[in-house]
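The model shown is predicted, which means the values in this text are computed figures rather than measured ones.
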Amino acid sequence: MDGDRASTSHPCMPTRRCGSRCVDTSTTWRCEWDSRSTSASSTSAVGSVDRSARWRTSQARTSLASTTTKDRWTGPKPSTRNTGSMRGSSKATFMSMPFGEGEFDAAYAIDATCHAPDLVGVYKEVYRVLKPGGYFAGYEWCMTDLFDRNNPEHARIKREIEFGNGIADLKTTKQCKDALREAGYEVLEIGDRHDGSTVPWYEPMAPSSSLSLTAFRCSHLGRFLTRNMLWVLESIRLVPSGTCRVQKFLELAADSLAEGGKTGTFTPLYFFLVRKPLQ
């Protein structure tokens with residue numbers, strides 16, 4: 001960027017300065033940054049800056065102040081100085097990243113590592129590429145403490161969330177926390193960020209009000225019109241074959257997520273901030 005700086009933010013993550021090397025570790029998303037605009041649709045990425053640069057935890061602390069978790073970090077804040085430059089992007093599997101040990105200052109993952117076949121394994125892989133003292137933050141999809149494996153209704157909701165979203169096995173919040181510790185991290189902050197929120201995270205999928213376009217498209221009538229419109233378009237080959245099946249598949253995914261949110265047995269907002277020990 002020739003010394004030029006850009007400031008950007010992800011809607012789910014603390015604000016931080018652009019200027020870092022970004023590698024997309026998701027198998028289905030891409031993250032591309034430049035000095036003027038940002039397309040941060042990547043669900044999982046690792047950022048690296050120069051040796052003196054660190055994750056902007058000072059702003060992260062402000063953003064995280066509202067969390068109700070009992071696990072609170074009160075340690076020192078890392079440097080917020082960033083003098084690095086943009087270095088492009090890479091695409092790889094997060095289970096085996098093509099980087100050496102200790103290459104990156106910080107990493108984040110948003111709604112991505114829940115798809116990993118081995119949660120401890122992906123956390124360890126991120127740990128491997130982080131420098132000592134490097135930070136790793138993310139949002140994990142988890143079954144909450146209210147989830148009861150012996151409850152047939154809870155088991156159905158979990159199974160349908162997994163099926164509708166391509167997840168092998170959703171972990172509980174306790175399993176997620178234990179996996180981070182097993183991978184070797186120091187857990188600085190962790191907890192469900194939805195706690196205390198006045199607006200349910202599943203509102204777009206199950207609107208409480210019908211007086212909006214979003215609510216209409218999620219209503220029975222809206223879904224009926226969508227299904228029939230797609231059937232017509234698929235019949236005259238204006239959309240690919242199988243589009244209707246995908247639409248039904250996505251309806252199941254949305255319904256199961258909303259059920260998980262209403263029963264309190266599932267959260268997509270289990271936030272963690274961890275650090276690789278200095279030694």
Side-chain angles (χ1 to χ4, degrees), residues 9-15 26 28-29 40-45 59-72 108-116 119 136-148 151 153-167 169-177 179-180 189-220 222-223 249-274:
S9 64
H10 187 282
C12 296
M13 294 298 293
T15 301
S26 169
T28 57
W29 296 80
S41 60
S42 173
T43 56
S44 179
Q59 293 205 16
R61 293 292 301 154
T62 302
S63 175
L64 298 173
S66 62
T67 182
T68 59
T69 176
K70 296 181 180 179
D71 298 293
R72 179 73 58 185
Y108 70 84
I110 304 174
D111 302 343
T113 49
C114 58
H115 297 279
L119 196 58
F136 178 30
Y139 283 98
E140 196 68 76
W141 284 27
C142 293
M143 305 308 294
T144 70
D145 293 339
L146 296 178
F147 172 69
D148 181 2
N151 184 317
E153 188 67 8
H154 292 184
R156 179 190 62 79
I157 292 172
K158 178 178 182 290
R159 184 172 60 253
E160 290 184 355
I161 291 176
E162 292 167 342
F163 178 78
N165 294 275
I167 299 172
D169 181 26
L170 274 171
K171 305 301 182 184
T172 63
T173 53
K174 181 180 183 304
Q175 287 175 317
C176 175
K177 187 174 182 178
L180 287 164
E189 299 216 20
I190 196 164
D192 188 354
R193 292 298 301 275
H194 180 62
D195 289 348
S197 174
T198 57
V199 179
W201 59 262
Y202 51 85
E203 175 75 11
M205 292 171 284
S208 56
S209 171
S210 59
L211 302 178
S212 70
L213 179 60
T214 300
F216 175 75
R217 71 185 186 189
C218 295
S219 66
H220 292 296
R223 289 187 176 188
F249 182 83
L250 293 177
E251 279 191 7
L252 173 65
D255 290 341
S256 58
L257 288 171
E259 283 190 87
K262 290 177 179 179
T263 58
T265 56
F266 167 78
T267 178
L269 298 173
Y270 192 64
F271 178 82
F272 62 83
L273 174 64
V274 297

Pair Arg156-Glu153, salt bridge (Lys or Arg N to Asp or Glu O under 4.0 Å): steps then yes or no: CA-CA 5 Å; Arg156 179 190 62 79; Glu153 188 67 8; 2.5 Å; yes
Kindly indicate whether the side chain of [X], heavy atoms from C-beta on, has any atom under 4.5 Å from the side chain of [Y].
| X | Y | result |
| --- | --- | --- |
| Asn165 | Leu170 | no |
| Glu160 | Leu252 | yes |
| Phe147 | Ile157 | no |
| Leu180 | Ile190 | yes |

Could you grab the distance from atom [atom1] of [X] to atom [atom2] of [Y], nearest 0.5 Å is fine?
| X | Y | atom1 | atom2 | value |
| --- | --- | --- | --- | --- |
| His194 | Thr144 | NE2 | OG1 | 11.0 Å |
| Asp145 | Thr267 | CG | OG1 | 11.0 Å |
| Lys177 | Tyr270 | NZ | OH | 5.5 Å |
| Lys262 | Met205 | NZ | CE | 10.0 Å |
| Met143 | Thr172 | CE | OG1 | 9.5 Å |
| Phe249 | Phe163 | CZ | CZ | 5.0 Å |

Verdict with supporting geometry, Tyr202 and Phe266, side-chain contact (heavy atoms from CB on, under 4.5 Å): CA-CA 11 Å; Tyr202 51 85; Phe266 167 78; over 6 Å; no
Whether Phe136 and Phe272 hold their rings parallel, tilted or perpendicular, with breakpoints at 30° and 60°: perpendicular
Specify the closest pair of heavy atoms between [X] and [Y], including all atoms of both residues, with the distance to one decimal.
| X | Y | answer |
| --- | --- | --- |
| Gly164 | Ala253 | O-CB, 3.3 Å |
| Ala109 | Thr113 | CB-CG2, 4.0 Å |
| Leu119 | Glu140 | CD1-OE1, 3.7 Å |
| Leu146 | His154 | O-CE1, 3.4 Å |
| Trp201 | Leu257 | CH2-O, 3.2 Å |
| Ala254 | Arg223 | CB-NH2, 4.1 Å |

Residues that Lys174 engages under salt bridge (charged side-chain N to carboxylate O under 4.0 Å, His left out), provided they are two or more places apart: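 Lys174 satisfies salt bridge (charged side-chain N to carboxylate O under 4.0 Å, His left out) with Asp178 once adjacent residues are dropped.
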Check: Cys142 main-chain N/O paired with Thr173 side-chain donor or acceptor under 3.5 Å: no
Basic-acidic side-chain contact under 4.0 Å: Lys158, Asp148: no
